[in-house]
There are 2 protein chains.
Amino acid sequence: MSLGCAACPVRDRAACSVLAEDERDALARLGRLRTVRRGETLFSAGSDPAACATLTSGALKIASYGADGAEHILALVHPAGFVGELFQPFVHHDVVALVDSTLCVFAGPDMAAAIEHYPALARALLRRTQEDLHASRSIQALAGRNSGRARVAGMVLAFAQAASDSPCHPAPRFDLPLSRGEMANMVGLTIETVSRQLTALERAGAIARDGKRGIELLDPALLAAACD
Amino acid sequence: MSLGCAACPVRDRAACSVLAEDERDALARLGRLRTVRRGETLFSAGSDPAACATLTSGALKIASYGADGAEHILALVHPAGFVGELFQPFVHHDVVALVDSTLCVFAGPDMAAAIEHYPALARALLRRTQEDLHASRSIQALAGRNSGRARVAGMVLAFAQAASDSPCHPAPRFDLPLSRGEMANMVGLTIETVSRQLTALERAGAIARDGKRGIELLDPALLAAACD
DNA sequence: CGACTCCTTGAGGTAATTCAACTTGTGTGG
DNA sequence: CCACACAAGTTGAATTACCTCAAGGAGTCG
């Protein structure tokens with residue numbers, strides 16, 4: 001099936017946007033569009049080695065699962081993001097759709113060949129991967145804080161910034177992209193602790209909750225102060 | 001100063017090893033060899049944006065520091081590893097030498113130009129960065145476990161595998177690359193807890209300690225079982 | 001309306017932190 | 001060479017914070 005790059009919502013932000021029109025069309029013929037529903041697993045740990053994808057709409061989580069089945073969320077993927085361990089023999093982490101999503105999926109070897117053929121694509125993916133690496137380390141720093149208050153506050157602040165249009169200022173009003181359980185799995189706490197810390201932040205006047213996932217930033221400075 | 005690639009201990013493993021002889025020599029003229037002593041900071045968060053380096057000998061840690069000065073170790077860098085946030089406007093994380101180290105340092109723009117000029121270099125760095133990303137997420141999964149026992153056991157096992165020549169089997173005898181405090185900062189525990197868990201693992205018969213940093217793996221399976 | 005999922009709140013137990021003392025190892029200088 | 005100081009690690013006791021278990025709301029869907 002054709003990918004219809006012309007109608008792609010991330011055509012000017014994804015890695016492939018660095019290619020010329022005809023190059024991108026050639027690449028598009030190697031890939032296929034796929035839709036995954038909320039909760040559906042795109043890649044599974046230990047499964048077929050080589051596949052990768054650009055997220056065109058929706059949201060994904062990258063997670064590992066302990067022996068007891070406990071989920072640990074390692075990263076979130078937003079539209080125009082790239083997922084796939086190109087050079088690893090096995091997939092190590094699961095990729096699951098947080099909401100209904102559409103992706104542009106490529107077979108590993110095809111993408112490897114494309115990287116050989118289009119140097120600009122390799123550079124774009126290098127840039128994106130370095131950004132992912134930085135994001136991963138930021139989450140690591142967040143989850144490594146000792147206080148549960150700091151972890152929850154930092155996570156809320158990170159979501160506020162991710163939800164904002166401007167790169168610096170956090171959005172004053174946004175929806176949490178994760179359930180309580182997922183938030184807990186991301187920063188290494190329990191559902192109950194996350195819930196309690198949110199109510200504590202609300203009582204402190206830093207945030208206001210609107211429904212289960214709505215958050216209003218009443219006092220960003222106070223929230224930031226809670227991140228220490 | 002000349003870099004002397006011919007004598008470089010990582011000349012066949014570092015990213016630049018994918019270049020032809022003359023290409024590598026040309027790249028070498030853009031970089032400079034630098035030695036840093038144990039504890040010395042190579043890059044500092046917030047400092048001049050663009051510099052990067054390949055580690056030729058020694059070991060580095062990548063760390064972030066909280067408002068109160070608490071260190072959080074995000075990654076370890078081994079010889080042939082690459083450090084530097086090429087595309088970020090600011091450096092976000094400190095890079096500190098764990099032991100006396102030598103590096104091949106490049107100015108950011110020079111390396112960016114080299115990446116433009118040598119597609120193979122871009123691909124090599126992409127591969128290396130994806131591996132770093134995977135390693136980062138592994139540490140994240142390790143530090144996110146709830147039990148302190150599991151974190152320390154997993155960390156010891158990871159060090160054993162890193163110290164081994166063969167990629168699969170852990171080294172039966174090795175030295176911890178980090179102090180107790182650094183180990184604690186890496187997995188989000190305190191010095192005392194790390195110490196207690198190590199003695200507990202020793203009493204359980206999983207490991208034996210030899211001096212402050214020496215570790216002997218008595219029962220790898222038992223150690224692995226403690227990682228759940 | 002009832003079943004379900006998700007979230008909140010409470011009470012009690014437990015594991016990690018904190019504070020503190022002591023040990024060990026290392027290097028320096030008398 | 002020994003004494004001393006200093007850094008790093010271990011161990012103990014008490015506290016705190018998070019986890020576990022449990023019950024009860026709030027929203028959604030058939």
Side-chain angles (χ1 to χ4, degrees), chain A residues 37-39 61 66 68-73 98-100 142-156 175-204 207-215 226 228, chain B residues 37-39 61 66 68-73 98-99 142-156 175-204 207-215 226-228:
Chain A
R37 293 250 271 283
R38 176 174 183 275
K61 64 180 172 186
D68 55 348
E71 178 186 70
H72 187 195
I73 295 185
L98 283 170
V99 299
D100 294 355
L142 182 66
R145 290 188 169 82
N146 26 18
S147 145
R149 169 69 56 89
R151 297 190 210 179
V152 173
M155 179 166 48
V156 170
D175 279 352
L176 296 169
L178 300 180
S179 71
R180 295 291 183 275
E182 289 167 331
M183 290 170 66
N185 290 337
M186 185 153 137
V187 296
L189 297 170
T190 58
I191 294 179
E192 295 96 325
T193 302
V194 170
S195 180
R196 276 186 257 264
Q197 294 298 347
L198 283 176
T199 65
L201 287 172
E202 184 169 38
R203 265 205 282 268
I207 62 172
R209 280 179 294 186
D210 176 23
K212 293 190 174 179
R213 297 202 171 194
I215 293 285
D228 290 331
Chain B
R37 293 248 270 284
R38 176 173 183 274
K61 64 180 172 186
D68 55 348
E71 178 188 69
H72 187 197
I73 295 185
L98 284 170
V99 298
L142 183 65
R145 290 187 168 83
N146 26 18
S147 146
R149 169 68 55 91
R151 295 190 211 179
V152 173
M155 180 166 47
V156 171
D175 280 352
L176 296 169
L178 301 179
S179 70
R180 296 288 183 276
E182 289 168 331
M183 289 169 68
N185 289 337
M186 185 154 136
V187 296
L189 297 170
T190 59
I191 293 179
E192 296 94 326
T193 303
V194 171
S195 180
R196 274 186 259 265
Q197 296 298 347
L198 283 176
T199 65
L201 287 172
E202 183 168 41
R203 265 205 282 270
I207 62 172
R209 280 180 292 186
D210 176 23
K212 292 190 173 181
R213 298 203 170 192
I215 293 285
C227 294
D228 291 331

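Each chain gets a letter, A, B and so on, in the order its sequence line appears, and its residues count up from 1. In what follows, every heavy atom counts, from backbone to side chain, and hydrogens, waters and symmetry copies are set aside.
- Residues forming a side-chain contact (heavy atoms from CB on, under 4.5 Å) with A/Arg37 (at least two apart in sequence, or on another chain): A/Glu40, A/Asp100.
- Proximity of residues 193-200 of chain B to DNA chain D (heavy atom under 4.0 angstrom from any strand atom) is restricted to B/Ser195, B/Arg196, B/Thr199.
- Taking atom CZ of residue B/Arg209 and atom P of nucleotide D/dA8, one finds them 17 Å apart after rounding to whole Å.
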Pairs under 3.5 Å (N/O, protein and nucleotides 25-30 of chain D):
none

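- With sequence neighbours left out, A/Glu192 forms a salt bridge (charged side-chain N to carboxylate O under 4.0 Å, His left out) with no residue at all.
- Between chain A and DNA chain C, the heavy-atom contact criterion of under 4.0 Å yields a 5' to 3' nucleotide range of C/dC6 to C/dA11.
- Under the 4.5 Å side-chain criterion, counting only non-hydrogen atoms from C-beta, B/Asn185 is not in contact with B/Leu178.
- When the nearest nucleotides of DNA chain C are assigned to A/Gly211 and A/Asn146 by heavy-atom distance, the more 5′-ward of the two goes with A/Gly211.
- Nucleic acid contact class of B/Arg151 (heavy atoms, under 4.0 Å, all strands): none.
- Listed by chain and number, the residues in a side-chain contact (heavy atoms from CB on, under 4.5 Å) with A/Thr193 are A/Leu189, A/Thr190, A/Gln197 (sequence neighbours excluded).
- D/dC19 atom P lies 16 Å from atom CZ of A/Arg180, rounded to whole Å.
- Checking side-chain atoms of A/Glu202 against main-chain N and O of A/Arg209 turns up a donor-acceptor pair under 3.5 Å.
- The salt bridge (charged side-chain N to carboxylate O under 4.0 Å, His left out) test applied to B/Asp228 returns no partner, not counting sequence neighbours.
- When atom types are taken as modelled, the side chain of B/Arg180 and the backbone of B/Lys212 share a donor-acceptor pair closer than 3.5 angstrom.
- B/Glu182 is listed as a side-chain neighbour of B/Glu71, based on a closest heavy-atom distance under 4.5 Å.
- In this structure, the side chain of A/Arg145 does not engage the main chain of A/Ala150 through any donor-acceptor pair within 3.5 Å.
- Protein atom CG of A/Leu189 is 14 Å distant from nucleotide atom P of D/dA17, rounded to whole Å.
- As rounded to whole Å, 14 Å separates atom C1' of D/dC19 from atom CG of A/Asn185.
- B/Ala70 meets the side-chain contact (heavy atoms from CB on, under 4.5 Å) test with B/Asp68; sequence neighbours excluded.
- If one axis is set at each end of the helix from C/dC1-D/dG30 to C/dG30-D/dC1 from five pairs, those axes are 30° apart, to 10°.
- In this structure, A/Arg213 has no salt bridge (charged side-chain N to carboxylate O under 4.0 Å, His left out) partners at least two apart in sequence or on a different chain.
- Considering only the side chain of A/Glu192, D/dT20 comes nearest among D/dT10, D/dT20, D/dT11.
- Among residues two or more places apart in sequence or in another chain, the salt bridge (charged side-chain N to carboxylate O under 4.0 Å, His left out) test is passed with B/Asp175 by B/Arg173.
- Qualifying side-chain contact (heavy atoms from CB on, under 4.5 Å) partners for B/Ala153, counting only residues two or more places apart in sequence or in other chains: B/Leu201, B/Leu223, B/Ala226, B/Cys227.
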